[in-house]
There are 2 protein chains.
Amino acid sequence: MITAVQSLDHTPRHAISEVAAVSGLTAHTLRWYERIGLLDPVDRSHSGQRRYCDADLSRLAFLGKLRLTGMSVADMLRYVELARAGDQTMEARRELLVAHREEVRQKIADLHATLAVLDYKIDIYSGKKHSA
Amino acid sequence: MITAVQSLDHTPRHAISEVAAVSGLTAHTLRWYERIGLLDPVDRSHSGQRRYCDADLSRLAFLGKLRLTGMSVADMLRYVELARAGDQTMEARRELLVAHREEVRQKIADLHATLAVLDYKIDIYSGKKHSA
DNA sequence: GGCTTGCTTGGAGTGCACTCCAACTCAGTA
DNA sequence: TACTGAGTTGGAGTGCACTCCAAGCAAGCC
């Protein structure tokens, strides 16, 4: 889950390989997310290597969840840009999340329907002789 | 849902536009599915136009469900080819479906987890002042 | 007959989300 | 100092699942 937002450490200290390991994204994808603006420019070490802070990890975890549910990168970008624009976009962000929540609920319903069909088919394969 | 498999009408009578309407797939996609072998060659009218039978519709409905749950076209093809190969592949087909059912269950669990995160965020936007 | 609508084809094109490449730098160990 | 391994870049490439295109044919209607 997500930890309390206001207590996040902004000390830059996680190397890209480390972040790749915990986020499930590849280093390639992390750089790409930053390039397209999903992540703010990440802090660098004196030699230019990325050092992610806990706030980055937290945003990444949230984006990862959105991504898992099938939100497009374009929509994620829209959300992030709203967040960057400041407090006056809070209502818009809320609406975006509410709309997405509806989609997720719908998707869950669809999956349950499919599950029923799969159960039915598997029963046929397990017990009887008819197939399609 | 699916109707009893053995009672399906094989009279070819549905035009492609009709099938597109009921299946939710476009005519383009229907032709493409046939071309790659997801559908057996569809019957034709005397002038060469496709005429789908109820068995085609039923298979399409099933494939549509699989597709909805994120099964790749390649895996769907694998299933269809097993079905074409005859009764001795029934166990393999069953295994394929069981494995996919597990994936669907996992996906549902993931979606529920995301739903919780969304609820949490939306609560923040609705009530308090903190954001991320 | 002329027009519209719906269908046909193979092959090319599209959009998304990565994913890889070549050439390079830098840090750490032997 | 040499080597190894992890990191850097922009731009090109990949794989998937469509999606469209051009050119043409057939049927139905005025």
Side-chain angles (χ1 to χ4, degrees), chain A residues 12-53 56-57 59-60 62-81 100 103 107 110, chain B residues 12-53 56-57 59-60 62-81 100 103 107 110:
Chain A
R13 50 199 162 113
H14 308 289
I16 196 166
S17 57
E18 199 180 329
V19 179
V22 306
S23 70
L25 300 164
T26 68
H28 285 308
T29 302
L30 287 170
R31 292 191 200 100
W32 180 66
Y33 273 16
E34 184 180 341
R35 188 155 59 183
I36 65 174
L38 262 187
L39 252 45
D40 296 323
V42 174
D43 285 310
R44 303 302 178 112
S45 72
H46 71 100
S47 62
Q49 299 191 192
R50 285 172 181 79
R51 291 293 176 262
Y52 296 79
C53 67
D56 293 327
L57 291 184
R59 163 165 290 185
L60 234 18
F62 182 55
L63 292 178
K65 289 268 182 230
L66 294 183
R67 201 63 205 81
L68 252 189
T69 58
M71 183 184 274
S72 70
V73 169
D75 279 352
M76 282 162 42
L77 197 48
R78 212 157 291 141
Y79 176 81
V80 165
E81 278 166 359
H100 186 59
E103 280 174 39
K107 200 164 291 189
D110 288 349
Chain B
R13 50 199 162 111
H14 308 289
I16 197 166
S17 57
E18 200 181 327
V19 179
V22 307
S23 70
L25 300 164
T26 68
H28 285 308
T29 302
L30 287 170
R31 292 190 201 101
W32 181 67
Y33 273 15
E34 185 180 342
R35 188 156 57 183
I36 65 174
L38 262 187
L39 251 46
D40 296 324
V42 174
D43 284 311
R44 302 301 179 114
S45 72
H46 70 99
S47 62
Q49 298 191 191
R50 286 171 181 80
R51 292 293 177 262
Y52 295 80
C53 67
D56 293 327
L57 290 185
R59 162 165 289 184
L60 235 17
F62 181 55
L63 292 178
K65 289 269 182 228
L66 294 183
R67 200 64 204 81
L68 253 188
T69 58
M71 184 184 273
S72 70
V73 169
D75 280 352
M76 283 162 42
L77 197 49
R78 212 157 291 140
Y79 176 81
V80 165
E81 277 166 359
H100 187 59
E103 280 175 39
K107 200 165 291 191
D110 289 349

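Because the structure is a prediction, the values reported are computed rather than measured. First the proteins, then the strands, lettered A, B, ... as listed; each starts at 1.
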May I have the step-by-step check of side-chain contact (heavy atoms from CB on, under 4.5 Å) for D56(B) and V42(B), ending in yes or no? CA-CA 8 Å; D56(B) 293 327; V42(B) 174; 4.3 Å; yes

Measuring from atom [atom1] of [X] to atom [atom2] of [Y], what distance do you get when rounded to the nearest 0.5 angstrom?
| X | Y | atom1 | atom2 | answer |
| --- | --- | --- | --- | --- |
| R50(B) | R31(B) | CZ | CZ | 6.0 Å |
| L57(A) | E18(A) | CG | CD | 8.0 Å |
| L60(A) | Y33(A) | CG | OH | 8.0 Å |
| K107(A) | L68(B) | NZ | CG | 9.5 Å |
| R13(A) | S45(A) | CZ | OG | 15.5 Å |
| L38(B) | R67(B) | CG | CZ | 9.5 Å |

Does the side chain of [X] get closer than 4.0 angstrom to OP1 or OP2 of [N] through an N or O atom?
| X | N | result |
| --- | --- | --- |
| Y33(A) | dA17(C) | no |
| H46(A) | dA27(C) | yes |
| S47(A) | dT25(C) | no |

Return the polar atom pairs (N/O with N/O) between nucleotides 28-30 of chain C and the protein under 3.5 Å, or none.
none

Any side-chain heavy atom of V22(A) within less than 4.5 Å of one from Y52(A)?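 No - every pair of side-chain heavy atoms lies 4.5 Å or more apart.
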
Protein-to-nucleotide contact annotation, 5' to 3' order, nucleotides 6-11 of chain D [B base; S sugar-phosphate only; - none; under 4.0 Å, heavy atom]: -SBBBB

In whole angstroms, how far is the [atom2] atom of [N] from the [atom1] atom of [X]?
| X | N | atom1 | atom2 | value |
| --- | --- | --- | --- | --- |
| H14(B) | dG6(C) | NE2 | C1' | 18 Å |
| L25(A) | dC20(C) | CG | P | 14 Å |
| D75(A) | dC16(C) | CG | P | 11 Å |
| W32(B) | dA12(C) | CH2 | C1' | 15 Å |
| H28(B) | dG13(C) | NE2 | P | 16 Å |

Counting the atoms with a prime plus P, OP1 and OP2 as sugar-phosphate, which does S72(B) contact under 4.0 Å by heavy atoms, base, sugar-phosphate, or nothing?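 Since only primed, P, OP1 and OP2 atoms lie under 4.0 Å of S72(B), the category is sugar-phosphate.
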
Under the side-chain contact (heavy atoms from CB on, under 4.5 Å) rule, what do R59(A) and L39(A) come out as? Steps first, then yes or no, please. CA-CA 8 Å; R59(A) 163 165 290 185; L39(A) 252 45; 4.2 Å; yes

